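Computed from a prediction, not measured in an experiment: that's the story for all the values here.
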Amino acid sequence: MSILTEPFYGFYINRLLKHDTPKLFTKLYELDWYQSLHQQWFDDLQCQSGQQLLELGCGPGLFSLSVAKRNIDITAVDRSDKMIKVAQANAQRCEESKANITFVEGDAKALKFENEQFDCVIGASLLNVVKPPEEVLSEMMRVLKVGGKLSFLVPNKTMNMENVVKYIAKNDLRGFSAKVLKAWGTKPPRFERERVMELLEPCQLKDVVIDERFDGMVYTVSGVKVGG
């Protein structure tokens with residue numbers, strides 16, 4: 001029997017959270033269920049080659065690098081200098097992506113970009129952890145071009161231990177994969193649909209779509225910016 005039990009993985013995840021968050025998020029993105037969720041979300045946005053895209057809360061940059069491989073110019077922002085250093089190192093090792101990507105340390109509530117600079121602005125698991133989320137969303141809208149797409153991904157209230165355990169059993173997840181999903185299902189704040197609608201109300205968006213993904217435990221929200 002393996003000595004790598006659930007308590008061990010719990011200890012390991014907590015240690016990474018305290019001392020090496022870039023490694024934790026790198027290992028998280030390497031998991032099929034996590035990577036597939038994000039890739040399917042991005043595929044549905046139908047961003048086009050040559051467009052300028054901004055990702056907020058990019059972490060170690062693996063998702064941004066996968067986007068850059070599609071010949072989309074992406075600027076990726078994180079407030080952690082440690083995350084940005086790891087992301088830049090990852091980019092240097094990825095010949096397919098590094099010409100199309102720029103990593104920037106910055107505050108999502110005070111972006112140092114011009115108004116209407118980007119064709120698409122996205123953020124995964126960000127609005128639910130940064131307070132107040134209204135300030136982040138306001139900045140996302142400010143730097144987005146009229147006609148551009150805004151999108152974010154957040155866990156919703158149905159991401160609870162009961163549903164997480166069902167998902168783990170259905171997909172036969174084990175070890176780190178199972179334990180880190182349990183952590184994601186219990187640690188970060190989650191949004192109800194009403195909270196999502198409340199956040200969107202002041203935004204000048206059309207064609208708004210709120211999709212339930214990941215067996216209904218995650219919302220992906222998107223819309224197109226209209227003129228003032």
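You'll find the side chain of Arg213 reaches within 4.5 Å of the side chain of Gln40, heavy atoms only. At a threshold of 4.5 Å between non-hydrogen side-chain atoms, the residues Asp73 and Gln51 do not count as touching. With a 4.5 Å cut-off on side-chain heavy atoms, Phe63 and Gln39 count as touching. A 4.5 Å side-chain heavy-atom check between Val224 and Leu205 finds every atom pair outside the cut-off. Between Val180 and Leu31, some side-chain heavy-atom pair lies under the 4.5 Å cut-off. Between Ser222 and Phe152 the shortest side-chain heavy-atom distance does not fall below 4.5 Å. Using a 4.5 Å heavy-atom threshold, the side chains of Leu127 and Leu137 count as touching. In this structure, the side chains of Asp119 and Ile72 stay at 4.5 Å or more apart for every pair of heavy atoms.
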(request) List the steps and the verdict of side-chain contact (heavy atoms from CB on, under 4.5 Å) for Asp44 and Phe42. (result) CA-CA 5 Å; Asp44 287 348; Phe42 187 74; over 6 Å; no
(request) Decide side-chain contact (heavy atoms from CB on, under 4.5 Å) for Val154 and Val218; before the verdict, give the C-alpha distance in whole Å, the side-chain angles of both, and the deciding distance to 0.1 Å. (result) CA-CA 6 Å; Val154 290; Val218 168; over 6 Å; no
(request) Show your working on side-chain contact (heavy atoms from CB on, under 4.5 Å) between Leu54 and Ile74 and close with a plain yes or no. (result) CA-CA 6 Å; Leu54 175 66; Ile74 180 166; over 6 Å; no
(message) Apply side-chain contact (heavy atoms from CB on, under 4.5 Å) to residues Gln117 and Gln52 and explain how you reach the verdict.
(response) CA-CA 8 Å; Gln117 184 172 338; Gln52 298 285 330; over 6 Å; no
(message) Run Asp215 and Lys170 through salt bridge (charged side-chain N to carboxylate O under 4.0 Å, His left out) and show every step you take.
(response) CA-CA 11 Å; Asp215 284 8; Lys170 184 176 78 171; 2.6 Å; yes
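There is no side-chain donor-acceptor pair under 3.5 Å between Thr75 and Glu55.
Using the six-membered ring where Trp is involved, His38 and Tyr34 have ring planes that are tilted, between 30° and 60° apart.
No chain of hydrophobic side-chain contacts below 4.5 Å, direct or via other Ile, Leu, Val, Met, Phe, Trp or Tyr residues, connects Val129 to Trp184. Cluster annotation: Val86 and Tyr29 are assigned to distinct hydrophobic clusters (Ile/Leu/Val/Met/Phe/Trp/Tyr, side-chain heavy-atom contacts under 4.5 Å, transitive). Note: the hydrophobic cluster containing Trp33 also contains Ile168 (ILVMFWY, side chain heavy atoms under 4.5 Å, direct or indirect links). Hydrophobic clustering of Ile, Leu, Val, Met, Phe, Trp and Tyr side chains at less than 4.5 Å, counting indirect connections, keeps Val77 apart from Ile122. Grouping the Ile, Leu, Val, Met, Phe, Trp and Tyr side chains by contacts below 4.5 angstrom, directly or via other members, places Phe8 with Leu16.
Asp107 and Arg79 are not joined by a salt bridge, as no carboxylate oxygen comes within less than 4.0 angstrom of a charged side-chain nitrogen. Using a 4.0 Å cut-off between a side-chain N of Lys or Arg and a carboxylate O of Asp or Glu, Glu139 and Arg142 qualify as a salt bridge. Look at Arg70 and Asp43 and you find a salt bridge, because one of the NZ, NE, NH1 or NH2 atoms lies within 4.0 Å of a carboxylate O, short of that distance. The residues Glu198 and Arg195 are annotated as salt-bridged, a charged nitrogen and a carboxylate oxygen being separated by less than 4.0 angstrom.
Side chain of Lys206 to backbone of Lys225: no donor-acceptor contact under 3.5 angstrom is found. Judged purely by atom type and a 3.5 angstrom limit, Asn100 uses its side chain to pair as donor or acceptor with the backbone of Ala68. With hydrogens and angles ignored, the 3.5 Å screen pairs no side-chain donor or acceptor of Gln204 with any backbone N or O of Pro202. In this structure, the side chain of Asn115 does not engage the main chain of Val143 through any donor-acceptor pair within 3.5 Å. Of the possible polar contacts, none joining the Arg190 side chain to the Asn128 backbone as a donor-acceptor pair under 3.5 Å is found. Between the Ser36 side chain and the Asp32 main chain, a donor and an acceptor come within less than 3.5 Å of each other. Panel note: side chain Asn14, backbone Gly10; a donor-acceptor pair is recorded below 3.5 Å. Looking at Asn163, its side chain never comes within 3.5 Å of a backbone N or O of Met159 through a donor-acceptor pair. Side-chain N or O atoms of Asn90 include one that pairs as donor or acceptor with a backbone N or O of Pro60 at under 3.5 Å. With Arg193 contributing its side chain and Asn156 its backbone, the two residues share no donor-acceptor pair below 3.5 Å.
Annotation: cation-pi geometry not satisfied between Lys157 and Phe191 (NZ/CZ under 6.0 angstrom from ring centroid, within 45° of ring axis).
Separation of atoms CG (Leu24) and OH (Tyr12) is listed at 8.5 Å; rounding is to 0.5 Å. One distance of note links CG of Leu150 with NZ of Lys145; it measures 15.0 Å at 0.5 Å rounding. Note that the CD atom of Gln88 and the CE atom of Met83 stand 13.5 Å from one another [nearest 0.5 Å]. The distance from the CG atom of Leu153 to the CH2 atom of Trp41 is 5.5 Å, given to the nearest 0.5 Å. Separating the CZ atom in Arg93 from the CG atom in Leu65 is a distance of 9.5 Å, to the nearest 0.5 Å. Rounding to the nearest 0.5 angstrom, the gap separating the NZ atom in Lys166 from the CE atom in Met217 is 10.5 Å.
Summarising the geometry of Phe176 relative to Leu28, their closest heavy-atom pair is CE2-N, 4.4 Å, with the distance given to 0.1 Å. Shown here for Lys109 and Lys131, the closest heavy-atom pair between the two residues is NZ-O, 3.0 Å. Contact detail for Gly59 and Asp78: the closest heavy-atom pair is N-OD2, 2.8 Å. The two residues Pro188 and Ala183 have their closest heavy-atom pair at CD-O, 3.6 Å. When all heavy atoms are compared, the tightest approach of Pro155 to Pro189 is CG-O, 3.8 Å. In this structure, Pro133 and Leu199 approach most closely via the heavy-atom pair CG-CD2, 4.0 Å.
When the shell of 6.0 Å around CZ of Phe25 is examined, it contains 12 or fewer heavy atoms from other residues, nucleotides or ligands.
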